[in-house]
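The chains referred to below are lettered A, B, ... by the order of the sequence lines, with proteins before strands, and numbering in each begins at 1. These figures come from a predicted structure and were not determined experimentally.
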Amino acid sequence: MTDVALEPVDDVEFPDDVHATSTGISNPKLAMWTYLASDCLLFGGLISTYLLYRNRPGNIPGLSGSDLRASELFNIPFTSMTSFILLMSSLTMVLAVNAVMRRDVERMRLWLVATSVLGAMFLGGQIYEFAEFVNYGLGYTSNVSASAFYTLTGLHGAHVAVGVLMLISATVYSMRRQLNAEAVETLGLYWHFVDIVWVVIFAIVYLIP
Amino acid sequence: MPRNRKATVVALISTAAILLGFWLIIRTIGQPTGKPLNTLAPFGQQAQDIQNLTIPVFAVAGVIFVLVMVAVIWMVVRFRAPDDAVEGEHEPAQTHGNTPLEIGWTIVPAVILAVLAVLNVQTLLRLDDTGENPLEVTVAGQQWWWEYRYDLDGDQTPEIVTATQMVMPAGRDVTVKIQSNDVIHSFWIPSLNGKKDAVPGRTHELVFNSDNPGIYEGQCTEFCGLSHGVMRMQVKVLPPAEYDVWIREMTKAPAQPTSAAASRGEALFVGQCARCHEVNGLTPDSTPPFTYSDEPSPDYGVEVDSSLSSKNAPNLTNFMMRQTFAGNLLALWEGDAATAVVAVPGQVPGATPDKVNIKRWLRNPQDVKPMDAENNQGMPNLNLSEDQIDDLTEYLVTLGPSTRPAA
Amino acid sequence: MAITEERPPLELTSGDLPPLEVETLGVFHRPRATHGWASWFTTVDHKKIGIMYGFASFFFLLVGGFEAILIRTQLAVPGNKLLSADLYNQVFTMHGVTMVFLVVMPLAAAFANYLLPLQIGARDVAFPRMNALSLWVWLLGAIFFNTSWFLGGGADGGWFNYAPNSGVVFSPSHGIDFYAVGLLIMGIGSTVSAVNLTVTVLNMRAPGMTLMRMPVFTWMTFIVQVLLVFALPVITVALILLTADRMFGATFFDASAGGDPFLWEHLFWIFGHPEVYIMILPSFGIASEVIPTFSRKPIFGYPFMVGSGIAIGFMGWGVWAHHMFASGMGPISVLAFSLATMFIAVPTGVKILNWMATMYGGRIRFTTAMLFSVGLVAMFTIGGLSGVTHAFAPMDTQQTDTYYIVAHFHYVLFGGALFGLFSGMYFWWPKIFGYFLNEKLGKWHFWLMILGFNLTFGPMHILGLQGMMRRTYTYTEGQGFNGWNLVATIGAYLIAVSILVFMWNVIRSYRQHRANPVNPGPDPWDARSLEWMVPSPTPEHNFDEVPVVEDFDEFWHRKYGHDEQGRPVRIAATEDVVQKGDATDVHLPSPSYWPLVLAAGLPLIGYGLIFNLWWALPGAILLIAGIYGWVLEPSTDPSAGHGHDDDHHHDGDDGDAAALEEPSGDEADTASGDEAGEGAGVASADEPEPAMASASADAEDGGSK
Amino acid sequence: MSATIDVDDDSPVHPGEHHDHGPSDGTYWKVFWALVVITALEVSTYFWDVWFGESSWTFAVPLLLVLMVVKFVLIASVFMHLRFDSKLLTRIFYFGLALACIVYLAALAVMNIFTDNGNPWFNDPPPAVTPSAVVTGETTGGGMGG
Ligand code: HEA
Ligand code: HEA
Ligand code: CUA
Ligand SMILES: [Cu+2]
């Protein structure tokens, strides 16, 4: 910061506004999209790992470990439910964003809460699913396909959890002081991305045997 | 223009200097003498194929190198601002670019490379050719030594299991099937062919074919832990007749030791060493009188646990058929026998086993080669007494054809 | 920031209540200092952050160089017993990792941070606090990584750390845990920084600064950031899997349990090859600034320079398996990657030739900076050509894992990347610190270094071709490696001397400057890009007035026109076109503790993962405190700074919200400030990073771990 | 934003130019229902082998992939506003996505996941270490990603 004399000074001329952006896209939004593009490679790597390993449980002679496969335990109707819940949360999120654009704060808060509740439900479903699998004897280290499965879905779950925390924080924040519409929109992007990733996981991991 | 002339002179001088430097290097670089791992001294067909690609590629790279260097030197001299340069005088023209030129120097390198690419592909395909009726040898790397298995009759169990020194006939394609029992290693005999990694869970093939009998040094080249740097091996290329002798000798059981010391050593071996090392027929629970078999136990080394390294140790049956041991670090024979290209080194006139080296190894193997036996990596120091070491050495030198009546 | 017009910040407090003035978390006062040692810990100024990157990575250069000296001393003679095999393995691993992740990348980041905003005419990066966060995360991660020396030994798996040798079974010490966690932490820092700088280049350009008017350095750094954005997650995946293997008992790389060691190799090199271009492109950028300046000619073929940079960055994604020619993948894969690799020589060649064409016909002043850049052109060519010889897969099966490779990558990394970075140091030193480095000592530095460098790494070509494998802790008499190894060792000591000369130069020049200050002025080299328009050292607000850009090499064109032969003719005295740096009342983001607090949590979590999970608890608390402290803190301290916290001045922060209301406000300058009432006092309105910035930082944590 | 800024050739949205608000709540609902239907269709494939027999898999797998892409694009374009926002964002995101697909598919191909030789240990042409390990084992499905 320049040390500025305390007496009033003439305004410096700004031929442009320093804060405006060259592309017309706001910084946080551009940053979020860049980050999401980067995250594609993160999830791509984990999905590839799973694809590589999914047919290598331990029942192959010479390999150690349990011979259970995650795919044998899949409860498709149940996971369809949780996928549906996550899909729904995308809808509530987009409604929250639309509300904030209309400057309808009450509605926005409502939809944000709904989104976080749905997100939490999804997480609950995932925890239930994991617990069920472990009950069946498929632990994280049971075999390499299990590890790949848990790492992939677990990391996705972590993304959801972070998202839920951000949603709750945003809601609280909106009550404490001002909340930037941009923030809600950007948060929405993150949320939808998490959903999109699940769309891929659901199809590739769960439905394609 | 004097500046121009000066630049040209400097450029010519540096061209000459670079060429002289190249010539000096090229004169010596391909020489195998004293450089057993030299990559530019092929003694096998595959290495020769690679060499045939290397020479034109290096030549092209060398020419580009000289051109770029000389051009830079020329310009540095030619366009150096004079010390008395004044701003505003003799300012350079502000050229921004020249599209045809740019396109030109995009295309020319591409064309050069395209030509070389043809050679590249040809060589690649050639090296991939496994030849006709190849001899197959399975090579397994483990921390930090190499094991070779010869399955002569194709029944999936090896008749010969040996370590450190691989033997192959001259003039015949040999397919080496490279495996690993623990981490990734790389099998490399530069005189014969390029390297190929030994990756746990996989089998990789490499083809050797050499018309030149000789002993060729090799080295593990994929970092594999503590003793990677001294994980060495040899390939001995024998004339076909000698090779048959080698096979014959290697498929015979060792004879019973005759001297008392060797017999004591034999018992010690069963007690101390047989839990890791195999001598065909001996097991840790063998009881005297010991009997030998002419085939390795089919279980030997099959149950390698690739999460532990030394579940198996070198098979020592016919130990004395090798010329070096302990990962090619120590000579097993003194004098000519250490390096003779023969099937049975013990038959080289005047051959005597290098007992000093064997004792050194038994006294403390870690002293020869860093190992971590606590972590199942390598051979432990068994804290043997000098007497035990003497007895064991007497026994070890009986393991081989020198004690057998000549065939 | 730039909230788009339709969506001004919400008045969520139903209008009548004033927005809460949040005193950040009560206990802490918002840091105010902008001078003095304390300010360095809280600064969000891209220039200070850049300087800190620079000093820290130079320190690590000494560490990594010391390790290199140990390597060379051990290998000076056959059978040397200076280092045990175990220690040697740690030393070369740590050397490699240190040089790559703790020296070249952050040193390039130093230049990127300092110069990007200046070169595009911006006041700061897009997210200043996140910039500070990147620095601290990287630095603390780097320190964390090096503490392994004192906590049971460094990593010993080589810098590419092939599995399964990197598993607990084969490397039971904690070294590789530090490698995995340390790199994960630094990866977070680099990802944040890469996103930040990407947005900066795209969004923060001065008026008229179109992409094709950006200086080449900016372009190359931009490409590097994009490469980082996409390459880092790949190694993150690899490291996550490695951590799971080592710490949680998974078997991703254990072949006996179905794991595949190849997966590591692919993931590592998918990252690793873009990584080598991440290391070289900034130096290419630096050379592309230095060579035109001292040749007094514009860069030759600017669009081709930019295009080839993009091409290199792009092709870099398709060649990773050239590190695996001997690994045993199928012949078709080998063929494909071999051909792809060969052709990467084409765009790189375009660069080399364009630099030469820039020098051609120029009037070259051989300052130290120029010497290093010309050195780069020559030395990199050698390294590049040996690289092309590796690209021929059959040849590479003889070369790989020998010292021939070691020679290749030191020629490109040292002779390319590091030479470029040294060139940049001499070039921008006066801009950054306000005094010149001594040219005479600089020339000693250069000549000693290039001599030592060639003595060290030149012989390695021969050694490698004669079969000396890398990563060997010793060699024996009779392998024929003796003589050249000794030469290489002597060369390494020469390099060390040259670096001492450099350090002495810095100290001596500084002392002389203290005794007898001579300001180099804004434009000591008669240079071309915008950063030379501002005084040296750069004032905190960068530009008094953001320049309106009309041309590539804008600053040059303000000084020179040209005659009909295209020769430059002065049209304005430098003094008249540079800025005075005396602007007041420029609105800048305020310092903050939170980046440091947040970053400090990560190494603690790292120790927790490695030793005892309880230790992660304080780390997690710091992390969360950092995040929430950050979110609750307006990025601009309303009560800080320039002496007027009231809003009767229509300075930048008030003006902009209003300016944004104005669709086409070409005169968005001061007038619009009048309606600033609306945005006034709205903390988030003027911050370059509204709340969501921190939300995305959250995402970062969730995502990259 | 001032009009003195030369519009970047690369920035599709002109500075200061307004862009659409995006669709209304109603549109979102419509898209949502479309997504629900697609998801239902996806899930139904799970029962196809019961309904239509095993051979239905040959249709199910490509169908699932197509539906996945459709869902993906719908959410990205509508919910994430890519259709209404600057094209730059679309480019950035889909560049990352495409890069991920290409690079990882290539890596998986090099690891021979698509040219599976029936060896369940490593999907790799060279046979496994111990001959006994190469027993029957199921051939991994060749579909998307093996
Ligand atoms: C700054 C970093 C950097 C850069 C820029 C490069 C550039 C290149 N590298 Fe290098 N490389 C590394 C860093 C780098 N490399 C590292 C660190 C390793 C080792 C990792 C490890 O194992 O630890 C490595 C290893 C490595 C290998 C693997 C070797 C092995 O382990 O077996 C290969 C194989 O193809 C390779 C190739 C190339 C090629 C073709 C280029 C090209 O980009 C070079 C292009 C440049 C030129 C060719 C010169 C100029 C061109 C002209 C003058 C035009 C005319 C030229 C022709 C027509 C040929 N590199
Ligand atoms: C940018 C990257 C970079 C740089 C600059 C260097 C610089 C040097 N490197 Fe390094 N090197 C690598 C990257 C780099 N290296 C990598 C990636 C590897 C592979 C690792 C692996 O295989 O996993 C490697 C491996 C490597 C090896 C091979 C080891 C082996 O395979 O066994 C060798 C051997 O000679 C070597 C030598 C040197 C030397 C002598 C320098 C010198 O140029 C260093 C010069 C610097 C100094 C000399 C510092 C100055 C110090 C002082 C002035 C005083 C001392 C300071 C204190 C006491 C605090 N390096
Ligand atoms: Cu085995 Cu290196
Ligand atoms: Cu590479």
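Note: D:F93 and A:W33 have perpendicular aromatic rings, judged against thresholds of 30 and 60 degrees for the angle between ring planes. In this pair, A:F84 and D:F32 present their aromatic rings tilted. The plane angle is within the 30 to 60° band. Using the six-membered ring where Trp is involved, A:Y150 and A:F130 have ring planes that are perpendicular, over 60° apart on the 30 and 60° scheme. By the 30° and 60° cut-offs, the orientation of the rings of A:W198 relative to A:Y206 is tilted.
With hydrogens and angles left out, the side-chain atoms of A:T82 and A:Y128 include no donor and acceptor closer than 3.5 Å.
Your options are D:A107, D:C101, D:A100, and the one with the most heavy-atom pairs under 4.5 Å with chain A is D:A100. Among A:C40, A:G188, A:A99, the residue with the largest count of heavy-atom pairs under 4.5 Å with chain D is A:C40. Most heavy-atom pairs under 4.5 Å with chain A, from the set D:V69, D:L67, D:L64: that is D:L64. The candidate from D:L99, D:L35, D:V78 with the greatest count of non-hydrogen atom pairs under 4.5 Å with chain A is D:L35.
Look at A:D104 and A:R109 and you find no salt bridge, because none of the NZ, NE, NH1 or NH2 atoms lies under 4.0 Å from a carboxylate O.
Contacts between D:A76 and chain A at a heavy-atom distance below 4.5 Å involve backbone atoms as well as side-chain atoms. Interface remark: A:F202 contributes side-chain atoms only to the contact with chain D (heavy atom separation under 4.5 Å). Contact of D:V31 with chain A is not made at all, since no heavy-atom distance falls under 4.5 Å. Of the atoms belonging to D:Y46, it is side-chain heavy atoms, and not backbone ones, that fall under 4.5 Å from chain A. Both the backbone and the side chain of A:M88 come within contact range of chain D, with heavy atoms under 4.5 Å apart.
Contact of the D:L82 side chain with the D:Y94 side chain is registered, since non-hydrogen atoms from C-beta on lie closer than 4.5 Å.
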